[in-house]
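Order of listing sets the numbers, starting from 1, for every ligand and every atom in it.
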Amino acid sequence: MKKINLKINGSEYSLEIDENMRLIDLIRDVVGLTGTKEGCGEGECGACTVIMGGVTVNSCMVLAFQANGKEILTIEGVKGKGNDKLHPIQKAFLEEGAVQCGFCIPGMVLSAKALLDENNTPSREEIREGISGNLCRCTGYNKIVDAIEKAAYYLVKEAEDNEI
Ligand code: FES
Ligand code: FES
């Protein structure tokens, strides 16, 4: 067993875990945040994407103890603690009809967030590159790219409004 301390969506956790436990199992089974999905379990589909220390990781491929001392963001935390409104990325996904079965969407939203945190005016090519690790079997990707483009617009506008 290993003792780890980490922050998930702004809340601190101090946990004793099996050293072979995967991060996805800690998130879903120990902490109970089931928005993070398991698809392939082999690092291929991106359904399990979370942001760890500012970068996206496939949580099925990370051991939970590797998150010791780190900050994790899951889909449940994207809109921000205590915020009732959806994050602009979530809003844009809904508005653009970019969600079908929804299984890939938590991971897509987190990859989109990591991309837009780095580059707030990405080209469609850069958006496609940013979500290239996330597979979607339903949408054909165009609406997802549309949604991320719209989210970028919302985020830039929000930043400009906050400056006024
Ligand atoms: S479930 Fe982790 S990459 Fe597919
Ligand atoms: S919406 Fe079904 S896998 Fe993407």
Ligand-side contact atoms (ligand 1) for residue partner [X], heavy atom cut-off under 4.0 Å:
{"X": "Glu44", "answer": "3 (S)"}
{"X": "Cys48", "answer": "1 (S), 2 (Fe), 3 (S)"}
{"X": "Gly46", "answer": "3 (S), 4 (Fe)"}
{"X": "Cys60", "answer": "1 (S), 2 (Fe), 3 (S)"}
{"X": "Gly41", "answer": "1 (S), 4 (Fe)"}
{"X": "Gly43", "answer": "3 (S)"}

About how many Å separate [atom2] of [Y] and [atom1] of [X], when rounded to the nearest 0.5 Å?
{"X": "Leu73", "Y": "Met52", "atom1": "CG", "atom2": "CE", "answer": "13.0 Å"}
{"X": "Thr121", "Y": "Leu116", "atom1": "OG1", "atom2": "CG", "answer": "9.5 Å"}
{"X": "Leu110", "Y": "Ile72", "atom1": "CG", "atom2": "CD1", "answer": "11.0 Å"}

Are the side chains of Arg28 and Lys37 in contact, using a 4.5 Å heavy-atom criterion? yes
Is there side-chain contact between Ile75 and Gln90, with heavy atoms separated by less than 4.5 Å? yes
Metal proximity, Cys45 vs atom 4 (Fe) of ligand 1, N/O/S cut-off 2.8 Å: yes
Contact check: Cys40 to atom 4 (Fe) of ligand 1, N/O/S below 2.8 Å: yes
Looking at [X], which atoms of ligand 2 are within less than 4.0 Å of one of its heavy atoms?
{"X": "Gly102", "value": "1 (S), 2 (Fe)"}
{"X": "Cys136", "value": "1 (S), 3 (S), 4 (Fe)"}
{"X": "Arg137", "value": "3 (S)"}

Hey, is there an N, O or S on Cys104 sitting under 2.8 Å from atom 2 (Fe) of ligand 2? no
Tell me whether atom 2 (Fe) of ligand 2 has Cys138 as a neighbour, meaning an N, O or S atom of it below 2.8 Å. yes
Pairing of Lys150 and Asp146 as salt bridge, 4.0 angstrom limit: no
Salt bridge between Asp84 and Lys79, side-chain N to carboxylate O under 4.0 Å? no
Has Asn120 got a side-chain atom pairing as donor or acceptor with Val156's backbone, closer than 3.5 angstrom? no
Test side chain to side chain donor-acceptor pair (under 3.5 Å) on Thr74 and Glu76; report intermediate values, then the result. CA-CA 5 Å; Thr74 73; Glu76 289 88 347; 2.6 Å; yes
